[in-house]
Amino acid sequence: MMKFDSNFLWGASTSAYQVEGAWDEGGKEPSVQDIRPPFPGTTDFKVASDHYHNIKEDVKLFKELGLKAYRFSIAWTRIMPYGKVNEEGIKYYDALINELIKNQIEPIPTVFHFDLPEHLHKNGGWNNRATIKAFIEYCEVLFNHFGDRITYWQTINEQNMLVFAGKVLDGEEKTWKEVFQANHHMLVAQAEAMGLYHRGAYAGKIGPAPNIACVYPKTEKPEDMLAAEYMSSFRNWLFLDAAVYGVYNHKAMRILKALNAVPDITEDDKKVMKENTADFIAFNYYNSMTVSASNGESEKKAKDQQSGFSIEGFFQSEKNEHLKTTKFANWPIDPIGLRVTANQIYDRYRLPMIITENGLGQEDILTDDGMVHDDYRIDYLKAHIEQLGLAINDGVELFGYCPWSAIDLISTHEGFKKRYGFVYVNRTDFDLKDLKRYKKDSFYWYHNVIDNNGLK
Ligand code: BGP
């Protein structure tokens, strides 16, 4: 099996609201995640995995796991509650970043991961242009305080999923027109943040972190191929073309026109987007998509981040009969799709790339002797790492892999029982137990992969 480059960043991922807890401590403002009602049968985000109070213990485990990188998100609500700088929030992330560095783990922060501050949300959220300014003020604080220790900044996690699965991710049902106006403001905010970072001449790099999935045509019919191209432009390239080339993808624009959802774009916005672009691409990959030409079936919205959707007149989501699916939510499992996706992104943009999420959510069982036999997760990750190696052999510039998730945390909409971590956290949705950490079988397995710098 191939060895990876000696600098390859074997990592793992989390996000602030899903792992930290301490939702009202340290001067934190509630975020949209704290104020929306939890999905039926699932917990809220108040305690999560209590990472906030366990940084030292958790980073020690990450070190033991062998992580070379830890991809996490910074809570806007800790750094700038109600728009004011909060020293306690800065101190918290200083402590986390310093602890990681002390343990030779590269900190890879995401600036914004689904947790908009409540006061901005109440003022119209991303639909209000004023949120762009608030975001830039927040970024400025981040770059000033942590910029000396960060090499890779990610701007916005899965902006495309905020667009297509927004109702699941922040509880808001919006029209296409509203969704794409909010999306446009996020694109401008991201470009301004990248500009701010570049002008500051910091030593690191900055880029977006969308969820990218290759799209297959259901059959060899040319109409299905065209449908796949349309979905890919709308779901994937709209977001990366904007971040890397500073322009709107033409086929995505064609769909926006048909949906009556073209946002208001000023000449200034165009200039800002064109002049400020990404240095690298972080992307999350869980599964591929399959579509056929629209047969007039009406629009179907995405159930969640990884499920398909249909746009009348352009593409219709289909089941891929060749792929097995996950137990939770029936997401297709497609390791080869990761190789296809990585190649497609590299073909288009020629930028260095890092995978910032990929993983399997499953109900794990803690045995009486404190073990978790998660061979299903090992199989999933192994198959994906194999394809990642093949993508690198193809010539794709991939410099890191951060599976979701470093430690168990709360799923976006399926609660604590849907676990992803290498480390088991002893709690359920409604019983906090002792929150003790246990190493799963996948922990020892991933440790060996990292140690060996590749699969054996
Ligand atoms: C991505 C999100 C993560 C994470 C992951 C797994 O879309 O960026 O926050 O939650 O999906 O999804 P879920 O938690 O819904 O199983």
Side-chain angles (χ1 to χ4, degrees), residues 11-21 31-34 36 38-45 48-49 51 70-76 108-116 154-171 186 208-213 235-236 239 281-289 302-309 325-333 338 341 354-364 374 376-377 380-381 384 401-422 425 429:
S13 262
T14 62
S15 91
Y17 81 93
Q18 293 174 280
V19 76
E20 284 179 3
S31 79
V32 285
Q33 300 300 339
D34 299 310
R36 72 164 167 81
F39 289 90
T42 71
T43 182
D44 55 40
F45 295 98
S49 307
H51 182 58
Y70 176 51
R71 184 263 192 172
F72 60 101
S73 78
I74 296 180
W76 190 340
I108 307 190
T110 315
V111 171
F112 170 56
H113 190 129
F114 302 160
D115 50 356
L116 195 70
Q154 304 149 78
T155 52
I156 301 178
N157 176 71
E158 296 196 354
Q159 183 177 325
N160 52 341
M161 294 305 110
L162 275 172
V163 164
F164 297 118
K167 187 161 184 302
V168 173
L169 300 177
D170 64 15
M186 274 190 268
N211 175 313
I212 304 295
R235 187 199 185 281
N236 300 320
F239 302 88
I281 295 172
F283 72 100
N284 300 346
Y285 174 85
Y286 286 86
N287 52 256
S288 52
M289 301 273 138
K303 277 203 314 292
D304 54 47
Q305 313 92 291
Q306 329 301 342
S307 57
F309 57 97
T325 55
T326 58
K327 278 200 183 156
F328 273 95
N330 284 321
W331 296 341
I333 300 175
L338 173 60
T341 302
I354 178 168
I355 296 163
T356 36
E357 286 184 34
N358 170 237
L360 178 69
Q362 192 111 341
E363 234 163 319
D364 293 331
D374 58 341
Y376 34 87
R377 184 165 296 110
Y380 179 99
L381 294 172
H384 285 80
Y401 176 65
C402 298
W404 185 265
S405 52
I407 183 166
D408 283 347
L409 40 68
I410 307 176
S411 146
T412 54
H413 67 298
E414 292 181 291
F416 213 92
K417 64 183 148 321
K418 186 187 197 185
R419 295 170 186 269
Y420 283 90
F422 292 112
V425 175
D429 272 290

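All figures in this text were calculated on a predicted structure; none of them were measured in a lab. All ligand and atom numbering here is 1-based and tracks the order in the structure.
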Enquirer: Grab the two heavy atoms, one from Asp304 and one from Ala329, that are nearest each other, plus how far apart they are.
Expert: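 Minimum heavy-atom contact is OD2-CB, 3.9 Å.
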Enquirer: Given Thr14, Ile410, Leu409, Thr412, identify the one with the heavy atom nearest to atom 14 (O) of ligand 1.
Expert: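 Nearest option to atom 14 (O) of ligand 1, by heavy atoms: Thr412.
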Enquirer: Evaluate Gln18 for polar contact with ligand 1, using N/O atom pairs at a separation under 3.5 Å.
Expert: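 There is such a contact, yes.
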Enquirer: Taking all atoms of both residues into account, what is the closest heavy-atom pair of His51 and Tyr70, and its distance?
Expert: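 For His51 and Tyr70, the tightest heavy-atom pair comes out as NE2-OH, 3.5 Å.
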Enquirer: Measure Phe328 to ligand 1 on non-hydrogen atoms and call it side chain, backbone, both or neither using the 4.0 Å cut-off.
Expert: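 Contact part for Phe328 vs ligand 1: neither.
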Enquirer: List ligand 1 atoms under 4.0 Å from Gln306, heavy atoms only on the residue side.
Expert: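 In order of number, 1 (C), 7 (O), 11 (O).
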Enquirer: Please name all residues satisfying side chain to side chain contact (heavy atoms under 4.5 Å, CB included) with Ala213, sequence neighbours left out, ordered by chain then number.
Expert: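 Here the qualifying residues are Arg235, Met289.
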Enquirer: Distance under 4.0 Å to a non-hydrogen atom of Asn157: what atoms of ligand 1 satisfy this?
Expert: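 Heavy-atom distances to Asn157 below 4.0 Å select 8 (O).
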Enquirer: Heavy-atom distance to atom 16 (O) of ligand 1: which of His413, Glu414, Lys418 wins?
Expert: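 Nearest option to atom 16 (O) of ligand 1, by heavy atoms: Lys418.
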Enquirer: Under 30°, 30 to 60°, or over 60°: which ring-plane class applies to Phe164 and Phe309, parallel, tilted or perpendicular?
Expert: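 Parallel.
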Enquirer: Taking atom types as modelled and ignoring hydrogens, do the side chains of Asn211 and Asn157 form a donor-acceptor contact shorter than 3.5 angstrom?
Expert: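 Side-chain D/A pair, Asn211 to Asn157: absent.
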Enquirer: Run the contact test for Tyr17 against ligand 1 with a 4.0 Å cut-off on heavy atoms, strictly below, and give the result.
Expert: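 Contact absent.
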Enquirer: Is Glu357 in polar range of ligand 1, meaning some N or O pair under 3.5 Å apart?
Expert: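 The answer is yes, given that Glu357 and ligand 1 share an N or O pair closer than 3.5 Å.
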Enquirer: Between Arg419 and Asp364 (salt bridge meaning N to carboxylate O under 4.0 Å), is one present in this structure?
Expert: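 Looking at Asp364 together with Arg419, the answer is no, because their closest N to O distance does not fall below 4.0 Å.
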Enquirer: One thing to verify: whether Glu357 and Arg71 come together as a salt bridge, which I'm taking to mean a side-chain N less than 4.0 angstrom from a carboxylate O.
Expert: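 Salt bridge: yes.
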Enquirer: Would you mind running through ligand 1 and noting each atom that sits below 4.0 Å from a heavy atom of Ser411?
Expert: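 Heavy-atom distances to Ser411 below 4.0 Å select 13 (P), 14 (O), 15 (O), 16 (O).
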Enquirer: Yes or no: does Met161 have any heavy atom under 4.0 Å from an atom of ligand 1?
Expert: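 No heavy atom of Met161 comes that close to ligand 1.
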Enquirer: For atom 5 (C) of ligand 1, what is the nearest protein heavy atom, given as residue, atom name and distance?
Expert: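 Sorting protein heavy atoms by distance from atom 5 (C) of ligand 1 puts Tyr286 OH, 3.2 Å first.
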Enquirer: Looking at Trp331, is its backbone amide N or carbonyl O close enough to the side chain of Thr326 to form a donor-acceptor pair, meaning the two atoms are under 3.5 Å apart?
Expert: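 Side chain of Thr326 to backbone of Trp331: a pair is present.
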Enquirer: In the protein, which heavy atom is nearest to atom 11 (O) of ligand 1, and how far is it?
Expert: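 For this ligand atom, the closest protein heavy atom is Gln305 NE2, 3.2 Å.
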Enquirer: Specify the protein heavy atom at minimum distance from atom 7 (O) of ligand 1: its residue, its atom name, and the distance to 0.1 Å.
Expert: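 Ranking protein heavy atoms by distance from atom 7 (O) of ligand 1, first comes Glu158 OE1, 2.5 Å.
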Enquirer: Counting only heavy atoms not in Lys417, do more than 12 fall under 6.0 Å of its NZ?
Expert: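 Correct, the count exceeds 12.
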Enquirer: Can you check whether Tyr420 has an N/O within less than 3.5 Å of an N/O in ligand 1?
Expert: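 Yes; at least one N/O pair falls below 3.5 Å.
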